[in-house]
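Everything on this sheet refers to the single structure shown next.
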Amino acid sequence: MLLGPLVAHHLGIGFIEVRKEAERASHTDRCDTRSTPPDYLDRTLELAVRRSPLRSTDRILFVDDWAATGGQASATMAIVADAGATWLGAAVIVDGPQNAADRRRLNLKGLLHPHELDRTD
């Protein structure tokens with residue numbers, strides 16, 4: 001949970017946390033939740049976002065270290081749509097989704113692709 005706040009601080013914008021376990025997201029605030037499609041380990045995760053800081057006028061940039069399938073970004077994009085906010089895209093360090101249509105739909109931008117990490121030269 002370090003990369004997102006650092007990007008938000010650098011850009012001078014707010015930060016809203018996406019939790020992987022809905023019950024840990026908040027005990028006092030209402031949360032919007034979505035389940036992810038199966039990930040690279042064939043797990044389905046439930047993601048939660050506290051509803052109180054998310055407004056319909058917000059423009060959301062999803063920030064993560066690694067997108068293997070894009071499932072967490074997809075679930076978060078659905079939460080953003082449910083709130084009536086605007087999805088700008090997903091910024092990741094490692095951009096792994098193979099499906100070009102998913103990458104376009106998410107407006108996914110990354111610094112590296114997984115095959116670049118496998119180099120042995």
Side-chain angles (χ1 to χ4, degrees):
M1 210 41 84
L2 184 61
L3 188 59
L6 288 173
V7 170
H9 177 74
H10 177 76
L11 295 174
I13 59 175
F15 171 77
I16 299 174
E17 176 180 46
V18 177
R19 300 294 303 211
K20 289 184 182 172
E21 297 176 26
E23 67 274 2
R24 290 182 25 192
S26 175
H27 294 290
T28 58
D29 287 340
R30 186 176 140 243
C31 290
D32 290 337
T33 62
R34 281 293 179 118
S35 294
T36 66
D39 66 8
Y40 68 102
L41 294 174
D42 204 30
R43 299 173 302 178
T44 298
L45 304 172
E46 186 173 358
L47 301 185
V49 173
R50 285 182 28 240
R51 183 67 167 115
S52 61
L54 187 57
R55 298 178 311 265
S56 62
T57 56
D58 289 337
R59 295 167 15 121
I60 306 299
L61 174 66
F62 178 86
V63 176
D64 206 352
D65 56 349
W66 194 302
T69 64
Q72 290 183 41
S74 292
T76 303
M77 187 169 75
I79 292 171
V80 168
D82 290 346
T86 301
W87 177 265
L88 296 178
V92 299
I93 295 174
V94 181
D95 175 358
Q98 299 298 312
N99 185 319
D102 287 341
R103 295 176 77 253
R104 281 191 302 277
R105 179 179 55 80
L106 294 169
N107 193 21
L108 181 69
K109 307 291 186 214
L111 298 175
L112 299 166
H113 295 280
H115 69 272
E116 294 176 285
L117 301 174
D118 293 334
R119 291 189 178 166
T120 57
D121 30 293

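Looking at Ile79, Val49, Thr76, Val80 one by one, the single match for side chain to side chain contact (heavy atoms under 4.5 Å, CB included) with Ile16 turns out to be Val49. Screening Arg105, Arg104, Gln98 against Asp102 for a side chain to side chain contact (heavy atoms under 4.5 Å, CB included) leaves a single residue, Arg105.
Shortest non-hydrogen contact noted between Ala73 and Ala90 is CB-CB, 4.3 Å. Across every non-hydrogen atom of Ser35 and Ala75, the tightest pair is O-CB, 4.0 Å. Scanning all heavy atoms of the two residues, the minimum distance from Tyr40 to Ala68 falls at CD2-CB, 3.8 Å. Shortest non-hydrogen contact noted between Ile60 and Ala85 is CG1-CB, 4.2 Å.
Looking only at side-chain heavy atoms (C-beta outward), Val18 and Gln72 stay at 4.5 Å or farther from each other. For the pair Thr44/Pro38, a side-chain contact is recorded, criterion being any heavy-atom separation below 4.5 Å from C-beta on. A 4.5 Å side-chain heavy-atom check between Lys20 and Leu47 finds at least one atom pair inside the cut-off.
Of the possible donor and acceptor atoms, none in the side chain of Thr36 sits under 3.5 Å from a partner among the backbone N and O of Gly71. The closest donor-acceptor contact from the side chain of Asp58 to the backbone of Arg55 lies under 3.5 Å.
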**Message:** Go through it in stages, so that I can follow the logic: the residues are Val94 and His113, the test is side-chain contact (heavy atoms from CB on, under 4.5 Å), and I'd like the CA-CA distance, side-chain angles, deciding distance and then a yes or no.
**Reply:** CA-CA 5 Å; Val94 181; His113 295 280; over 6 Å; no
**Prompt:** Leu3 and Ile93: side-chain contact (heavy atoms from CB on, under 4.5 Å), yes or no, with the steps?
**Reply:** CA-CA 10 Å; Leu3 188 59; Ile93 295 174; 3.8 Å; yes
**Request:** Report the C-alpha distance between His9 and Leu6 in whole Å, list the side-chain angles of each, state the deciding distance to 0.1 Å, and finish with yes or no for side-chain contact (heavy atoms from CB on, under 4.5 Å).
**Result:** CA-CA 5 Å; His9 177 74; Leu6 288 173; 5.7 Å; no
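When the side chain to side chain donor-acceptor pair (under 3.5 Å) test is applied to Asp32, the partners found at least two apart in sequence or on another chain are Arg30, Arg51. Residues forming a side chain to side chain donor-acceptor pair (under 3.5 Å) with Arg43 (at least two apart in sequence, or on another chain): Asp39. With sequence neighbours excluded, no residue satisfies side-chain contact (heavy atoms from CB on, under 4.5 Å) with Pro37.
Interatomic distance, CG of Asp95 versus CD of Glu116, reported as 9.5 Å (0.5 Å rounding). Once rounded to the nearest 0.5 Å, the distance linking CH2 of Trp87 with CG of Leu106 reads 6.0 Å. Lys109 contributes atom NZ, which lies 7.5 Å from atom CZ of Arg103 (distance to the nearest 0.5 angstrom). Note that the SG atom of Cys31 and the CG atom of Leu54 stand 11.0 Å from one another [nearest 0.5 Å].
Linking ILVMFWY side-chain heavy atoms closer than 4.5 Å, directly or via other members, places Leu61 and Ile13 in a single hydrophobic cluster. By the criterion of side-chain heavy atoms lying less than 4.5 angstrom apart, applied directly or through intervening Ile, Leu, Val, Met, Phe, Trp or Tyr residues, Leu11 is grouped together with Val63 in one hydrophobic cluster. The hydrophobic cluster containing Trp66 also contains Val7, counting ILVMFWY residues as joined when their side-chain heavy atoms lie under 4.5 angstrom apart, directly or transitively.
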